[in-house]
Number of protein chains: 2
Amino acid sequence: MDPIPDFQPLYKQVYDVLVRRIAEGQWQPGQVLPSEHALAAELHVSQGTVRKALDTLAAENLVQRHQGKGTYVAEHTQEHSLFRFFRLARPNTDGDRITPESTDARCKRRVATAAEAARLHLPKGATVVEIKRVRLVDGKRAVSEKAVVPLKLFPEIDHQDALPNTLYSLYQSVYGVNIVLAKEELSAVLANQSDEKELGIEPGSPVLRIERIALSINGERAELRTSRCDTRHIVYAIDVS
Amino acid sequence: MDPIPDFQPLYKQVYDVLVRRIAEGQWQPGQVLPSEHALAAELHVSQGTVRKALDTLAAENLVQRHQGKGTYVAEHTQEHSLFRFFRLARPNTDGDRITPESTDARCKRRVATAAEAARLHLPKGATVVEIKRVRLVDGKRAVSEKAVVPLKLFPEIDHQDALPNTLYSLYQSVYGVNIVLAKEELSAVLANQSDEKELGIEPGSPVLRIERIALSINGERAELRTSRCDTRHIVYAIDVS
DNA sequence: AAGTGGTCTAGACCACCAA
DNA sequence: TGGTGGTCTAGACCACTTA
């Protein structure tokens with residue numbers, strides 16, 4: 001036999017099937033998957049092969065495994081999602097993260113700028129919703145946040161009555177959009193007029209600017225978020241290995 | 001039988017043995033390890049168990065595996081090490097990294113400041129070596145870097161005649177200190193006098209400050225590095241999942 | 001006690017590399 | 001051609017959870 005040209009290991013094929021099912025919502029976030037043996041029987045592979053696929057999913061935070069209980073589709077709960085993508089911490093604490101409070105959000109529906117459309121891979125003139133809010137640390141304003149999302153992915157999101165502290169749980173629970181990866185770019189800039197107003201800092205102060213593209217399980221570019229941080233009392237902390 | 005109180009899975013014990021041997025230099029960077037079967041026979045476990053330990057080491061970048069060839073102790077070569085810990089990129093390029101050139105380094109032997117001693121877990125009054133250099137991107141000064149290392153870990157490092165572009169390859173090849181993890185804290189600050197001189201930027205310009213603690217395979221705090229970046233043309237890029 | 005994930009084994013075969 | 005890592009299987013037993 002000639003080798004099959006686009007050969008894929010069995011466990012990879014199983015992995016792909018499981019990802020598709022989760023993406024399509026066949027198993028909802030928080031729900032339990034069938035057991036390893038059940039999946040193995042259904043897909044006609046051995047339990048060890050299913051295991052390898054599930055372990056990969058767990059390593060990517062798509063599922064959570066609990067000995068004795070089962071394998072669950074990962075849920076963007078408040079605390080969980082917060083600590084996964086929110087990387088601000090107090091200095092010199094070896095990465096002990098902060099729980100930020102957030103003020104009321106302000107929504108605006110408008111046409112995407114050229115730059116936003118490019119970053120979000122949207123057609124020119126697409127409608128987006130802009131969600132602005134300020135986050136507090138220890139009761140003080142520390143981060144001004146602007147999230148821009150395609151209206152098409154999140155219809156009527158600007159008419160949600162209460163936006164949660166972590167938008168990603170809303171994306172997931174209401175719109176079935178599962179954020180699994182964020183690409184961030186950090187730079188230092190000077191405070192602009194909006195920063196002075198939102199954060200109450202002096203003109204000319206340094207501001208840490210974080211631009212994030214959030215990617216969904218389907219590879220969609222679901223959100224463009226720009227955070228501007230007053231880093232006098234907090235830092236962006238990350239381990240690189 | 002009662003359960004053993006501090007039970008460790010076999011593969012974890014194998015993993016620990018292998019880490020210790022690599023840390024002790026029994027297998028040097030770039031050298032090949034014994035095959036899975038050979039290790040399994042020596043340690044009296046199955047090949048699958050060795051495999052799991054080796055896969056874990058590979059996931060942590062401690063070894064590199066090559067089908068048909070063998071398993072090699074990871075080496076901090078120039079390009080490799082550079083792209084692993086150097087996270088600067090051009091904006092909007094989805095993380096395509098930059099290869100920075102570096103100017104001649106200046107070394108100074110001195111006593112650690114209180115802050116440095118605290119961050120490096122050194123006793124008060126310990127001697128350190130400070131290594132300063134400027135990195136260029138596209139021929140322009142972009143990053144001013146200050147590395148502080150304990151003299152005890154790196155004797156006579158200030159008398160090395162040529163410091164490589166990536167210090168970590170020197171730490172590994174000359175001193176046997178293997179950097180495996182870096183903890184970074186980022187903040188935005190204003191340019192100080194030194195920045196003006198080193199980077200040629202205006203006073204009052206925003207500067208991205210990166211403070212990094214580099215940890216060795218033994219858990220030693222091997223280096224405290226402070227980088228100050230002019231982020232007008234480059235950004236710090238990272239994926240968080 | 002039953003069911004789940006976690007560990008461990010032994011052995012087969014495949015894909016890749018070097019001599 | 002022989003040796004290496006990569007895949008896959010089947011089955012045993014352990015540890016943990018829930019009923």
Side-chain angles (χ1 to χ4, degrees), chain A residues 1-19 21-22 27-75, chain B residues 1-19 21-22 27-75:
Chain A
M1 286 280 284
D2 285 350
I4 305 163
D6 49 356
F7 166 78
Q8 290 263 287
L10 255 188
Y11 72 85
K12 171 64 171 149
Q13 300 176 43
V14 172
Y15 168 90
D16 289 337
V17 167
L18 299 178
V19 168
R21 289 187 182 176
I22 293 172
W27 301 306
Q28 294 289 321
Q31 285 186 350
V32 65
L33 266 59
S35 75
E36 295 181 350
H37 280 104
L39 285 171
E42 181 202 338
L43 301 172
H44 303 289
V45 298
S46 79
Q47 175 260 355
T49 299
V50 170
R51 182 174 190 77
K52 180 145 184 173
L54 287 173
D55 281 345
T56 308
L57 288 171
E60 294 171 347
N61 289 307
L62 274 167
V63 301
Q64 293 184 324
R65 318 197 70 191
H66 299 286
Q67 182 169 165
K69 298 178 68 178
T71 301
Y72 295 79
V73 181
E75 214 171 356
Chain B
M1 284 279 285
D2 284 351
I4 304 163
D6 49 357
F7 166 79
Q8 290 263 288
L10 255 188
Y11 72 84
K12 170 67 171 147
Q13 299 177 43
V14 172
Y15 168 89
D16 288 338
V17 168
L18 298 179
V19 168
R21 289 187 183 176
I22 293 172
W27 301 307
Q28 296 287 322
Q31 284 186 351
V32 65
L33 266 59
S35 75
E36 296 180 350
H37 280 104
L39 285 170
E42 182 203 337
L43 301 173
H44 303 288
V45 299
S46 79
Q47 175 260 356
T49 300
V50 170
R51 182 174 190 76
K52 179 145 184 174
L54 286 173
D55 281 346
T56 308
L57 288 171
E60 294 171 346
N61 289 307
L62 273 166
V63 301
Q64 294 183 324
R65 318 197 71 192
H66 299 285
Q67 182 170 163
K69 297 178 69 177
T71 301
Y72 295 80
V73 181
E75 214 171 354

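Side chains included, hydrogens not; waters and symmetry mates left out as well; all remaining heavy atoms used. Owing to the predicted nature of the structure, the values given are computational and were not obtained by experimental measurement. Residue numbers begin at 1 in each chain, while the letters A, B, ... track the order of the sequences.
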Would you say the side chain of [Y] lies within less than 4.5 Å of the side chain of [X], judging by non-hydrogen atoms?
{"X": "B:V14", "Y": "B:V17", "result": "no"}
{"X": "A:I22", "Y": "A:V63", "result": "yes"}
{"X": "B:R65", "Y": "B:E36", "result": "yes"}

Could you tell me whether the phosphate oxygens of [N], OP1 or OP2, come under 4.0 Å of any side-chain nitrogen or oxygen in [X]?
{"X": "A:Y11", "N": "D:dC8", "result": "no"}
{"X": "B:T71", "N": "D:dT4", "result": "no"}
{"X": "A:K69", "N": "D:dC16", "result": "no"}

Quick one: [X] [atom1] to [N] [atom2], roughly how many Å, whole number?
{"X": "B:Q67", "N": "C:dC13", "atom1": "CD", "atom2": "P", "value": "18 Å"}
{"X": "A:Q13", "N": "D:dT7", "atom1": "CD", "atom2": "C1'", "value": "12 Å"}
{"X": "B:L10", "N": "C:dT7", "atom1": "CG", "atom2": "P", "value": "11 Å"}
{"X": "A:Q8", "N": "D:dC8", "atom1": "CD", "atom2": "P", "value": "10 Å"}

Which heavy-atom pair separates A:Y72 from A:V32 by the least distance, and what is that distance? CE2-CB, 3.7 Å
Nearest heavy atom decides the nucleotide; on that basis, is B:H66 or A:G68 closer to the 5' end of DNA chain D? B:H66
side-chain contact (heavy atoms from CB on, under 4.5 Å), that's the test. Do A:L39 and A:E42 meet it? Break it down for me. CA-CA 5 Å; A:L39 285 171; A:E42 181 202 338; 4.1 Å; yes
Sub-4.0 Å heavy-atom contacts from residues 30-56 of chain A onto DNA chain C, ordered by number: A:S35, A:E36, A:R51
Just to verify, what does B:H37 make a ring pair (Phe, Tyr, Trp, His ring centres under 6.0 Å) with, not counting sequence neighbours?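 Partners of B:H37 by the ring pair (Phe, Tyr, Trp, His ring centres under 6.0 Å) criterion come out as none, since no residue qualifies.
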